[in-house]
Each structure stands twice: as structure tokens, then as C-alpha cells.
2 protein chains.
Amino acid sequence: MNNLTDNDVYWWRPLDDAKSDTRAEILFAAYKEIHVNGFQSASLRHILARTGVTKGALYHHFPNKTELGYAVLDEVIARRIYLGFIQPLEDIDDPIEGLIDLIRRAGETFSMTDIELGCPLSVLAQEMAPIDEGFRLRLNAIYDEWHGSITRLLTRARDAGLIIDEVEPRTLAVMIAATLEGSLSAAKVAQSLDVLHQCGHGLNQFLQLIRN
Amino acid sequence: MNNLTDNDVYWWRPLDDAKSDTRAEILFAAYKEIHVNGFQSASLRHILARTGVTKGALYHHFPNKTELGYAVLDEVIARRIYLGFIQPLEDIDDPIEGLIDLIRRAGETFSMTDIELGCPLSVLAQEMAPIDEGFRLRLNAIYDEWHGSITRLLTRARDAGLIIDEVEPRTLAVMIAATLEGSLSAAKVAQSLDVLHQCGHGLNQFLQLIRN
DNA sequence: TATAAAGCATACCAACTGGTATGTGTGATT
DNA sequence: AATCACACATACCAGTTGGTATGCTTTATA
């Protein structure tokens, strides 16, 4: 059933190749397992087999599976999301033009391999948010940061008179984020980059319309 | 970890109370288990325990767990989605006004209990689409139907001159569906109806802007 | 150089997983 | 009345699950 577990299919490399201590290895292997299988179905046995690390080592660094999951969310996923999708928003000058450009570039940058597994945030959100408060709070915090950065961008745009007055930055920010997440989800099910592009185009059309 | 499995928390009643044969009971219990835990972590033991049905009965009606999952998707989830979110779109006269009204009403109708577990389609999409083609194709078919019905609505609107010419019905339909799914996902993580309302408001603002 | 603690490794465990083999009652058909 | 298929029920199974208890090195510290 699962044909995506092998390492060679996986394209995201670890962020810091430098200090490749055991803990970091476990963390990254766990991240991959979770991204493919979800948290509950992620197997410690598989993680250990792929790293060569033993169970003793794992339970030396993490008290249990849940805490390992939290660590993956905090130290791997949150970091990637921040570096890839939150921080870049802060450096944009022309808010709307920049946002449009960012979405267009994202649509072009994403490859089929990205589409296949989709956003690890969505995976954990759908699976774990309702059944584990620890996961939910962490996920919520990440989304909050994301919403915040988009909100700041839109506020800047409104203050500069670049977009129509009817726009409420926070409201729109939450909606834009939802659209982006939904787009990746739709593309994942359709296994189609075209679906992603359609969504991106629709969203950009929206952004054009709220311009002054 | 899982505090939502109990029957009394679950609010969606079976669709046809009439013929409550064993197969239907299993199907509905499995649907609930899957909605809460996802497919892979759905336990046949739990399903049997809650229905009172035995393992012999289950494996008499379904050859294996995967086929049970397919049946849940085909006979329970797809049906609910069609009746609740696809068919209603066909009966709308004024496309845009109707769509806006539908989104507003949906935002008001959804309760916190709906938000908690979110859309069962999203749950299975994130978990199973990349690892089981049977699930993916079924999910894709449902989304396709949904996209089709929104596309027809927008086409009607454009032919009637109700929306601006720049709008490509299919493109916008896919984007709108993505936004709606993303909205439910966001509300699920935030456990907040307010987030859902914000997304709905943002989307409606968009629909207002593409009007002629 | 003695001591302690960190960083593992091995072996084992009870609980649970989906799945199967076999038996049994029961209603319809011949 | 005999046959037979349908609709279960019971018991059992090998594999996997997360977790633990007990060891053994290596490294830092005193």
C-alpha cells in the first residue's frame, strides 16, 4: 500500500548537515515517516531501521513517541514553514505585487514530488488536531504566526492606500492562508500541478481585484 | 489521547434508519472510527466492540479492511457530500447571490462539533491519497463532481452576464472549493467558528468583487 | 586516575493489529 | 425431508505496536 517510504523518493534534505548527531538523525527520519504515514501510523521500528539507530538510543533522547512527534513539529516542521513561507513575507516591499509574485513563483517552484505528499502541516492538522491537544496547540501556533505575517503585509498595503478600504487585513489573511492550504490539498488528491496553478491563478485574480 | 471516540459525542445520524442491517451498522461505525482516527489507525476491534457485531460478520460482508474503507468512502462519505454540498448547488437560481448565501448559511449552520473533526474528505485526502491509489481515485472523483457543480454555476452566471468576463469558471471553481476546504481545516486547528466565519467573509468579498 | 554520568545496545514484554479456519444455526429451494 | 447457501459466531494466529529493564562503553569531571 505504501510505496513512498523509501529514501530515494524523498527529496527534502536535512537543514543542517553539519552536526549530524544521533538525535538529529532520529528527528529527520521521524519527520519523513510522519510526513508519509501520519503520526499514529508512523512506526518507530521503521524509523530505527532506516537510521540504523537502536531503540535504546531513541528512548534516551525522547521519553516516548508523542514527545518525538512534538519535537518533529517544533524543531523540523515549524522551522521549515517559518523559513520557507513566513519569513519571506517580511522582506516584501510592494505588498500586493509581492504577494502575487510569491504565489506565482511558489506555483512554479513546487514540483510533482512536493504535490505527492503535500504540506506536512496539513497532514498533522487533519490527523492529530482533534485527538491530541499538544499537537493542536503547536499547529495552531504555527498557523497563527503565518496569519500574522500575512496580516502585517496587508496592513502595510492598506496603510499605503494600495488596496481598497473594505479589506480587513486579518480576515483576508486567514482566508488567503486557508486558500493556499486548500490548494495544496486539492493538488495532492488530483496529483496535478495544474490544479495548484488554477488555484494560484484564482487567488491572484482576487488580489488584483482588491487593488486600488 | 483520543477523547472523541465515544458514541455520545458523535452527532451525525445514519442516513437511512429504515433497513438497519448488519452491513449498514458496520459501515456507519467504521465511518465514525475513520472520521476520528483516520483509516490506518481505525481499529476493527473498536468498530466491532461498538456495534456488537463479531469479526465473522465483518469479514462476511467485507473481504478486508481496505475494502471496508472503500465502501465507507463510496457509500457513506460520497453520499453525504453529494447530498449536502453538491446537489444543493444545482437548485440555485441566481448563481452568485445563491453561492454567497450558501456560504453564509453554511458558516451559520456549522457547529463546534462539526469543526472539531472537520471534513471526513480532508481527513482521508491528507492521509490516504499519497499511499493508496484506490482511496485517491475515489477522493478525486468526489472532488471532481464538486468542482463540476461549482463550474456549472459560474458558467451560468457568466452566460447571464452576472460576473466579469475575465473569470474562467473552472479555474475559479477549483479555487473556491480549495478555499472552502482550507477554511474548515483552519477552523479545525484553531477550534474556532470565528476562523470559519472569517474565511467565509473573505470568500464572499471575492464573489462580490467579480460581479458585474 | 577514580568516579560519575551521558550515550547508547540488547533482550524482552504485554497489548493490539488485521486476517483466517472452522463451526453453527437458519431460512429458502428442490 | 434433504440440501444448500447465506449470515454469522468462536477461537486462534503470526506479526507489529510502543515501551522497559538491564546491561555496556565512552566521555567529561573531580
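Basis for what follows: all heavy atoms, side chains included, without hydrogens, waters or symmetry-related copies. First the proteins, then the strands, lettered A, B, ... as listed; each starts at 1.
For residues 149-158 of chain B, the pairs satisfying side chain to side chain donor-acceptor pair (under 3.5 Å) are B:Glu90-B:Arg152, with sequence neighbours left out. Among pairs with a residue in residues 189-203 of chain B, those fulfilling side chain to side chain donor-acceptor pair (under 3.5 Å) read B:Asp194-B:Gln198, at least two apart in sequence or across chains. Annotation: salt bridge (charged side-chain N to carboxylate O under 4.0 Å, His left out) contacts involving residues 55-74 of chain A, sequence neighbours excluded, comprise A:Asp74-A:Arg138.
Residues passing the salt bridge (Lys or Arg N to Asp or Glu O under 4.0 Å) test with B:Arg105, sequence neighbours excluded: B:Asp101. Taking the salt bridge (Lys or Arg N to Asp or Glu O under 4.0 Å) definition, one finds that B:Glu108 meets it with nothing, sequence neighbours left out. Legend: residues meeting side chain to side chain donor-acceptor pair (under 3.5 Å) with B:Glu168, ordered by chain and number and at least two apart, are B:Thr171. In this structure A:Glu145 satisfies the salt bridge (Lys or Arg N to Asp or Glu O under 4.0 Å) test with no other residue, sequence neighbours excluded. Residues passing the salt bridge (Lys or Arg N to Asp or Glu O under 4.0 Å) test with A:Asp94, sequence neighbours excluded: none.
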Can you give me the N/O atom pairs linking the protein to nucleotides 14-17 of chain D at distances under 3.5 Å, or say none if there are none?
{"residue": "D:dT17", "atom": "OP1", "partner": "A:Ser43", "partner atom": "OG", "Å": "2.9"}
{"residue": "D:dT17", "atom": "OP2", "partner": "A:Ser43", "partner atom": "OG", "Å": "3.4"}
{"residue": "D:dT17", "atom": "OP2", "partner": "A:Arg45", "partner atom": "NH1", "Å": "2.8"}

I'd like a table of atom pairs between the protein and nucleotides 22-27 of chain D - only N or O on both sides, under 3.5 Å - with the distance next to each one.
none

Polar atom pairs between nucleotides 5-9 of chain D and protein, under 3.5 Å, N or O only, would you list them?
{"residue": "D:dA7", "atom": "OP2", "partner": "B:His60", "partner atom": "NE2", "Å": "3.2"}
{"residue": "D:dC8", "atom": "OP1", "partner": "B:Thr22", "partner atom": "OG1", "Å": "3.1"}
{"residue": "D:dC8", "atom": "OP2", "partner": "B:Thr22", "partner atom": "OG1", "Å": "3.2"}
{"residue": "D:dC8", "atom": "OP2", "partner": "B:His61", "partner atom": "NE2", "Å": "3.2"}
{"residue": "D:dA9", "atom": "OP2", "partner": "B:Thr54", "partner atom": "OG1", "Å": "3.0"}

Could you go through the side chain to side chain contact (heavy atoms under 4.5 Å, CB included) check for A:Ile115 and A:Leu184 one step at a time?
-> CA-CA 7 Å; A:Ile115 298 296; A:Leu184 262 173; 4.2 Å; yes
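Between chain B and DNA chain C, the heavy-atom contact criterion of under 4.0 Å yields a 5' to 3' nucleotide range of C:dC16 to C:dT20.
Between B:Phe28 and B:Tyr31, the angle of the ring planes lies from 30° to 60°, which puts this pair in the tilted group.
A salt bridge is absent between B:Glu75 and B:Arg80: the closest approach of a Lys/Arg side-chain nitrogen to an acidic carboxylate oxygen does not fall below 4.0 angstrom.
Atoms CD and CG, on A:Glu33 and A:Leu68 in that order, are 10.5 Å from each other to the nearest 0.5 Å.
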